[in-house]
K.L.:
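The structure follows.
Note that these values count all heavy atoms, side chains included, but never hydrogens, waters or copies made by symmetry. The chain is numbered in sequence order, starting from 1.
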Amino acid sequence: MTVAGTARAAESRPGETESKTAHPAQSYIDRAAAAVRSSPEDSVRDAEAALKILVGQPNVDLEIRARLLLCDHLSERDKAAAEAEVAKARALLPQATRRGLEAGVLDCEGTILETAGENARARGLYEQAVAVATRARDDEMLAAALFARGYLLGLQGQFATGLADLKRGQTLYEDLKLPDHALTAMNGIAILYNRMGDYVQAGHMYDQALKRQRDAGMYREQSVTLHNLGRVHENLREWDASQAAFQESYEISRQLNYVRGEAYALRGLAAVKNAKGDPRGALQTLEQAAALQRQTPDARLNAQIQLARGVALHRLRQLPASVDALETALEVFRQADSLSELRATYGELAAVLSDMGNWREGYAQLLNAQETSERMFRNQVDQRFSTLKVEFDTVSKEKENALLVRENAANQLALAQGQRARNLQRAVIFLTVILALLLATLAWHQWRSTRRMHTLAMTDELTGVPNRRAVLSRLAPLLQQPNPPSCAMLIIDIDHFKSINDQHGHAEGDEALKAVARELREDVHEPAFIGRLGGEEFVVVIPGSDFDRANRIAERFREGVMSIDTRRWLSDRRITVSIGLTMSKPSGDTPSTMLQRADAALYDAKRAGRNCVKVQLPAAESEIPAPLKAAQVEFA
């Protein structure tokens, strides 16, 4: 939820009168404009009362302003009704004496499109509104158009130009002696700082605005500011503070019957519940938010609800439903080009698809998330640099003007020029350091992403142990050494695993795999290493081991697996394993040949009745010493 709509309603400028005697509808319109920030329902009532008066005592300018107030209110609630009001206002424009009112109509048309998620068309209308208000020299309408355009530019990641528009709009409102409007513009600036990642500055500005809004009784504005403050705490992962802000925003919105505000606040509360590990509670809250959202035309709100819903469903392992929700959110965020929300949605979708075993699509979505993150980060760097440059140029120009005024004082001018040069040098150094830090941060993020992708490629997702690729890539260099150490290889297969899946379901089968992996991993110590070959098979490689030690370790593994307590999820049986053992040849051996021998030994163990260890050595060592044959007896 934003403060965008609240600065768009036209008010009478200080001292403005429609004639020597105020029109009787004037006071209703003034009250309606003021009530936008405190009680939206009162604003609608006063605007409609003004229209009733205008039926008997027509005044085109006042009627347009009344209809713009209604359009602003309805744009968050009823798109068709808002479009009807703006159409009536546009039909009156040829008769209007205040030419700047056309900018207000364009502004409200843009608001309707922006709420529906059509940001590109909305921006075109805001550009027209700025041009019309500039030609008409209507500073009030120009300030409103600059606010609307600046907010949307910030949403699209163009922070420098967005901040310039919002600050210019704030200055115009202050010059017009409209402090409430100036305060709304300041809130818009805080939103951009929040999007730029400067959460501390944004939070400070929201705290200032909230104090002034409380003092002025601006309840509707309080609900908006509290929501935005909650988003700051959400970005900082300060969940208790975030929950408090969203809860207060919800209570105020509910008292005002401000449905859109209630829905945004509930979305925030659901995000907090997700973060605190309560996805079921989050889904219940999101159901309330979705029911309210359906009463508004706000497409981006629906997308944010779907994103939070996708996260909750993922936590509850309802993976197909999670994918549906996240893809619905993606469609809206792509259209709006909202980078921060796109990044979060791509990342969550990648995780869900990976959990479903759809690695290829999960990897593609992870790349999308990384690309969006890098794009957003580069944009933040560029825009932060541009913002600093604009501010620097502004300061430099002011200093230059001051020097021109004192042009006759040559000594003072020279001193000022020297100071200006030093300031330029410090600014360049400062900007260079900031840019270097930001680039270093970007490199660090890229390094982390690369490491994460490598880990994902070499790790079995279900059990957390290395996968086949990781084990074989570590074994191959050992066997290729000039004098390779003697290596033992064990292939460990869970007995009757298919019957576990068939009788108890795949969830219990997964638990069996995890339990066996934990047992083996706890008993495998460097330089030995473990991995999952696939299905119910694990492999253990023991470098530097002789046959006796390898055989003892295999028996220890077999007995350890039998000791696993399965009563919690597999009450009618215990887990056993069959193990095939082989040793490496002194030279010329490969991971593939070792796997073939160990696999053949495993099949011997299966044929021998399972729950036993069988051995197949290289051809030159196929005779097993008699004292060691006792190690191959079967265990029931």
K.L.:
Decide whether Tyr219 and Gln213 meet the rule of one side-chain donor and one side-chain acceptor closer than 3.5 Å.
P.N.:
no
K.L.:
Answer yes if the side chains of Gln284 and Gln288 hold a donor-acceptor pair under 3.5 Å, and no otherwise.
P.N.:
no
K.L.:
Can you see whether Tyr258 engages Glu76 through a side-chain donor-acceptor pair at a distance of less than 3.5 angstrom?
P.N.:
yes
K.L.:
Stepwise, does the salt bridge (charged side-chain N to carboxylate O under 4.0 Å, His left out) test hold for Arg317 with Asp355?
P.N.:
CA-CA 9 Å; Arg317 311 299 296 172; Asp355 285 352; 3.0 Å; yes
K.L.:
With a 4.0 Å cut-off on N to O distance, would you call Glu371 and Arg343 a salt bridge?
P.N.:
no
K.L.:
With under 30° as parallel and over 60° as perpendicular, where do the rings of His227 and Phe246 fit, or are they tilted in between?
P.N.:
tilted
K.L.:
Given 3.5 Å as the limit, does a donor-acceptor pair link the side chain of Arg532 with the main chain of Gly535, or not?
P.N.:
yes
K.L.:
Minimum heavy-atom separation for Ala470 and Pro466, please, with both atom names.
P.N.:
CB-CB, 3.7 Å
K.L.:
Whether the Glu341 and Gln304 side chains hold a donor-acceptor pair (N or O, under 3.5 Å, no angle test) is what I'd like checked.
P.N.:
yes
K.L.:
What donor-acceptor contacts under 3.5 angstrom involve side-chain atoms of residues 324-331, with partners at least two apart or in another chain?
P.N.:
residue, atom, partner, partner atom, Å
Thr328, OG1, Asp324, O, 2.9

K.L.:
Is the side chain of Thr111 donor-acceptor paired with the backbone N or O of Asp107 at a distance under 3.5 Å, no angle test?
P.N.:
yes
K.L.:
For Lys211, which residues count as a side chain to side chain contact (heavy atoms under 4.5 Å, CB included) partner, sequence neighbours excluded?
P.N.:
Asp215
K.L.:
With no hydrogens and no angle check, just 3.5 Å: does a side-chain donor-acceptor pair link Asn187 and Thr184?
P.N.:
no
K.L.:
Within the distance-only criterion (no hydrogens, no angle test), does the side chain of Ser253 pair as donor or acceptor with the backbone N or O of Tyr250 below 3.5 angstrom?
P.N.:
no
K.L.:
Would you check, one step at a time, whether the test side-chain hydrogen bond (donor to acceptor under 3.5 Å, both in side chains) holds for Tyr264 with Gln293?
P.N.:
CA-CA 8 Å; Tyr264 269 103; Gln293 185 277 325; over 6 Å; no
K.L.:
Quick one: does Thr115's side chain get under 4.5 Å of Lys79's, heavy atoms only?
P.N.:
no
K.L.:
Are Glu127 and Arg121 ion-paired here, with the side-chain N under 4.0 Å from a carboxylate O?
P.N.:
no
K.L.:
In terms of side-chain geometry, is the basic nitrogen of Lys273 or Asp278 positioned less than 4.0 Å from the acidic oxygen of its partner?
P.N.:
no
K.L.:
Under a 4.0 Å threshold between the charged nitrogen and the carboxylate oxygen, would Glu348 count as salt-bridged to Arg315?
P.N.:
yes
K.L.:
Do you see a donor-acceptor pair shorter than 3.5 Å between the side chains of Asn194 and Tyr206?
P.N.:
no
K.L.:
Is there any side chain to side chain donor-acceptor pair (under 3.5 Å) pair reaching into residues 238-247, and which pairs are they, with sequence neighbours excluded?
P.N.:
His233-Glu238, Asp240-Lys276, Gln243-Lys276, Gln247-Glu251
K.L.:
Within a strict 4.5 Å, meaning less than it, do heavy atoms of the Arg77 and Pro40 side chains meet?
P.N.:
yes
